A.B. asks: 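Take a look at this one; I'll ask things after.
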Amino acid sequence: MRRIAHISDLHFGRTDTAVVEGLADELNRDPPDLIVASGDFTMRARRKEYAEARAFLDGLTAPWIAVPGNHDIAYFKLFTRFFHPFGRYRRFIARDTEPTFLDDEIAVVCLNTVRTWAPETDWSQGKITRAQIARTEERLAALPDHVFRIVVGHHPFMPPPWDAEARLVGRADEALDAFRRHGVGLTLAGHLHRHYARFAEAPETGTEPDTVAVDRGRAQAGGARLLAVQAGSATSTRLRGNEPNAYNRIVVEDGRATVTVRIWTGEAFEDARVDDSVPDATEERAGEPEPAGR
């Protein structure tokens, strides 16, 4: 069994100090086997913000792995943004913007989805290049067959249940197809500051993806179905949709992953409300054969 804490969108420079301290206390009081941070450590990629983010990470007792978010590159300093976009991230957070974690039970493969520019006014949107997809397939193919596979990016791979037209990371469909081919069980992302989870069905099923409603506090993944999981903002005051600060606790055991949302109550983090009808990626559904898992 492996336990993972998925945190995202900390946004140092615009955080709630009590939430930052509460999150650190919880993660250290009940440390997971791995902390996954899916980007946006800072608000405007300033040195002071990065120093605060680094101090937070240094105070954690569990190992961690991370990707940058769109807020982690310079917003106003265009020379830095175009020619040295990840300089401060590499100095303060990690040299590698696409790291991999592997042990006897899980593999976590990270993708840098941040763009330095785009032929549009909104440069915050992310994209995955075809070269990245090819490299990711090579990394996934090299993994041992028995490990549970997780891919991490900052930008969402699936839209929220309440907004089917929401912007996704560029080439999300191609990336999800590649992930499914290599038995990925979970994708983890942030960016939207909202929690949700959706099953990414293979196109040949001819069905719309199942959804886990935003008010459900738990979801499960396993078998041949890929669950795309989003995290809310762990510590930022930039909250959306009337959702509190939150992060995800994930337990991987026997080829299945259970995702539980932990929400900030004003004093501590606690489990979100759990709906009794928890969508399960390994259950057989009416009219469909049971999926063949790894």
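For the numbers below, each heavy atom of this structure counts, side chains included, while hydrogens, waters and symmetry mates do not. All of these numbers come straight from a predicted model, not from anything done at the bench.
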A.B. asks: Side chain of His195, backbone of Gln230: donor and acceptor closer than 3.5 Å?
C.D. replies: yes
A.B. asks: Do Thr237 and Asp16 have a side chain donor and acceptor closer than 3.5 Å?
C.D. replies: no
A.B. asks: Among Leu188, Asp9, Asp72, which residue satisfies the side chain to side chain contact (heavy atoms under 4.5 Å, CB included) criterion with His154?
C.D. replies: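 Output: one option passes, namely Asp9.
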A.B. asks: Say whether, by atom type as modelled, one donor and one acceptor occur between the side chain of Arg225 and the main chain of Phe199 under 3.5 angstrom.
C.D. replies: no
A.B. asks: I'd like to know if the side chain of Arg262 reaches the main chain of Phe269, judged simply by a donor and an acceptor atom lying under 3.5 Å from each other, with no hydrogens or angles considered.
C.D. replies: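 The answer is yes, because a donor-acceptor pair under 3.5 Å joins these two groups.
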A.B. asks: Any ion pair linking Arg135 and Glu138 (charged N to carboxylate O, less than 4.0 Å)?
C.D. replies: no
A.B. asks: I'd like to know if Arg44 and Glu49 make a salt bridge, using a cut-off of under 4.0 Å between side-chain N and carboxylate O.
C.D. replies: no
A.B. asks: Is Arg88 reaching over with its side chain to a backbone N or O of Ala45, donor-acceptor style, under 3.5 angstrom?
C.D. replies: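 Checked: pair present.
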A.B. asks: Are Glu243 and His193 close enough that a side-chain donor and a side-chain acceptor fall under 3.5 Å?
C.D. replies: no
A.B. asks: Consider side-chain hydrogen bond (donor to acceptor under 3.5 Å, both in side chains). Of Asp33, Asp103, Asp104, which one does Arg2 pass it with?
C.D. replies: Asp103
A.B. asks: May I ask you to decide if Asn70's main-chain N or O and Asp40's side chain share a donor-acceptor pair within less than 3.5 Å?
C.D. replies: yes
A.B. asks: Do you see a donor-acceptor pair shorter than 3.5 Å between the side chains of His11 and Ser236?
C.D. replies: no
